[in-house]
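Index from 1, following the sequence. As the structure lists them, so they are numbered: ligands from 1, and atoms in each ligand from 1.
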Amino acid sequence: MLNLNDQKELRKRRTFAIISHPDAGKTTLTEKMLLFSKVIHTSGTIKGRGNGKYVKSDWMSIEKKRGISVTTSIIKFSYKNTLMNLLDTPGHQDFSEDTYRILTAVDSCLLVIDAAKGIEDRTKKLMNVSRINNTPVITFINKLDRDSLDPIELLDQIEKHLKLNCVPITWPISCGKNFRGVYHFYDDMVYLFQKNNNKKNNILNSKVLFFKFNEFLLKKYIDQDLFFQFSEELKLITAIYSKYNKKNFLKSITTPVFFGSALSNFGIDHILDSLINWAPSPIYRISNLRKVDPKEKKFTGFVFKIQANMDLRHRDRIAFMRIVSGKYIKGMKLRHVRIKKDIIISDAFSFLAGERFVINEAYAGDVIGIHNHGTIKIGDTFTEGEEINFINMPSFSPEIFRCVFLKNPFQKKQLKKGLLQLSEEGAIQVFYPINNNDIILGAIGILQFDVVIERLKMEYKINAIYEKTNIMLARWITSANKEILHEFKSKNKSFLAFDNFNHLIYLAPNQIHLNLIMTRYTGISFEKIRR
Ligand code: G4P
């Protein structure tokens, strides 16, 4: 077991990610959390991606051309003596399999929903991934300063689409032009809202007025009709929704729900306090042999992301490792379990977005970067000698496909080698159809294709181009029955391929086709996720 001091360090940590559909307010909320924790002093630092101090990465010309961030940011900040590791999930065009994998490295998620739009497509996808590990979710319904959907309708959507039971912790007093603030069920306080949409605003000029719930006092601030409507709503909410229960939250059966406006700094402290009080400190992970407790003395960790060329001056590859147990100490010897080799880690680093800092120690829940000279794969486990493997690093079936062609056909061998390495790093998925010599690439976000072409050119001196294919969906194929599998393979060769790890995959032209084949072959499993 870790000594008491180290266990204290562990309890201080919260490792979480923000889940949201683009434009729901993830960047604004991140920025405001940094503002509240005094890491930055004015808003607008993060918003100008590429120019901002904290989301800076300029490692590839693609990023420069498009002014977006391809690299994952890990933002570390402390609030009320709690150490937050916020793992940023690539969002807009840079949405990729990495976004999904990051969710396997966190202990809780903060779900941000745009109050006017409700549950959107990307939120559903990300939540499906977070549900695989039953990660606890705290919900923030944002933009209450604008006209919103009915709050009960929003909670209905969460319950219906995300299969989470809602536990309202705060409740809005109207919305849009009439938004007056929130009532906090657990503090029994009213927090009044004062509109402040100045994008450069900071905490100092947006002091929130709050008081213990009191009918007479509240009536001073809101008119009779609004008061009547609000008190009726409170009665209804108290009757319909259950109260916060830690066990159900940690099992991801319920989600505590908060309302606010990130842009106006309203409700941010409620979210931060809920992360401190309710989100779990680093939790155990399951390995192939046993459950690993973060309090164990010996170091264990797994790699969930590999990033190439983070820094043009270094031109290197970095493996991002989530520490599961024990403590990292500079210069320690770690076992790279898959390749059965011991290595001395003398220069692990921590990140503040684009910047990296060599660190002397780190604890479970922290993410450290180590140099990767081409030997580390996504999902690799590092220990102090124990031969275990963490088994929860999934591959997600791609959503877009391209056929890759060489400009110089004599480079086929190099192309295959390059693609193997890039797929081991999780940059792209590669499929070799059984019936022809095409090479199909699959990705979750469109930008992954551009990154791959650019990296093939820069790192492997390969000039390649893409052509569209008619493939729309991919499912990994398994069956417990060898005969059924054999028959399936021989009859469907033209739709089957092998991935780079020799797993059979079905490449379908559309959903109707896939549905038909799935009903025809009930003895075959068509998996969206491969573990
Ligand atoms: P994202 O990272 O989830 O994609 O969202 P982001 O924070 O960039 O927010 C998307 C837009 O929504 C931004 O406006 C932002 O200012 C606005 N926004 C975020 N939170 C709130 C809120 O509480 N209330 C209101 N009214 N707006 C909010 P934009 O005009 O698209 O971008 P910008 O010009 O502000 O950069």
Close-contact set for ligand 1 against [X] heavy atoms, below 4.0 Å:
{"X": "S261", "answer": "22 (C), 23 (O), 24 (N)"}
{"X": "P22", "answer": "4 (O)"}
{"X": "R146", "answer": "25 (C), 26 (N), 27 (N)"}

Next on the checklist: Taking 4.0 Å as the limit for heavy-atom contacts, which would you say applies to K26 with ligand 1: side chain only, backbone only, both, or neither?
Outcome noted: both

May I ask you to check if ligand 1 and [X] share an N or O to N or O distance below 3.5 Å?
{"X": "L29", "answer": "no"}
{"X": "A262", "answer": "yes"}
{"X": "L263", "answer": "yes"}

Item to check | Y186: which of I169, T170, N277 passes side chain to side chain contact (heavy atoms under 4.5 Å, CB included) | outcome: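 Going through the options one by one, the only one that passes is I169.
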
Checklist entry - Hey, which of T89, I18, V367, L87 is the one that makes side chain to side chain contact (heavy atoms under 4.5 Å, CB included) with V106? => result L87

Item to check | Partner of E97 by side chain to side chain donor-acceptor pair (under 3.5 Å), out of K305, Q448, Q429 | outcome: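 Result for side chain to side chain donor-acceptor pair (under 3.5 Å) with E97: Q429.
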
Checklist entry - Looking only at heavy atoms of S264, does any of them come nearer than 4.0 Å to an atom of ligand 1? => result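 No.
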
Checklist entry - So, do Y244 and W278 have ring centers that fall under 6.0 Å from each other? => result yes

Next on the checklist: Ring of F304, cation from R101 - is the NZ or CZ under 6.0 Å from the centre and inside 45° of the axis?
Outcome noted: no

Checklist entry - For atom 24 (N) of ligand 1, which of D145, D23, V112 has the closest heavy atom? => result D145

Checklist outcome for this item: Tightest non-hydrogen contact, residues T469 and C403, listed as CG2-N, 3.3 Å

Checklist entry - Do the rings of F401 and F431 sit parallel, tilted or perpendicular, given the 30° and 60° boundaries? => result tilted

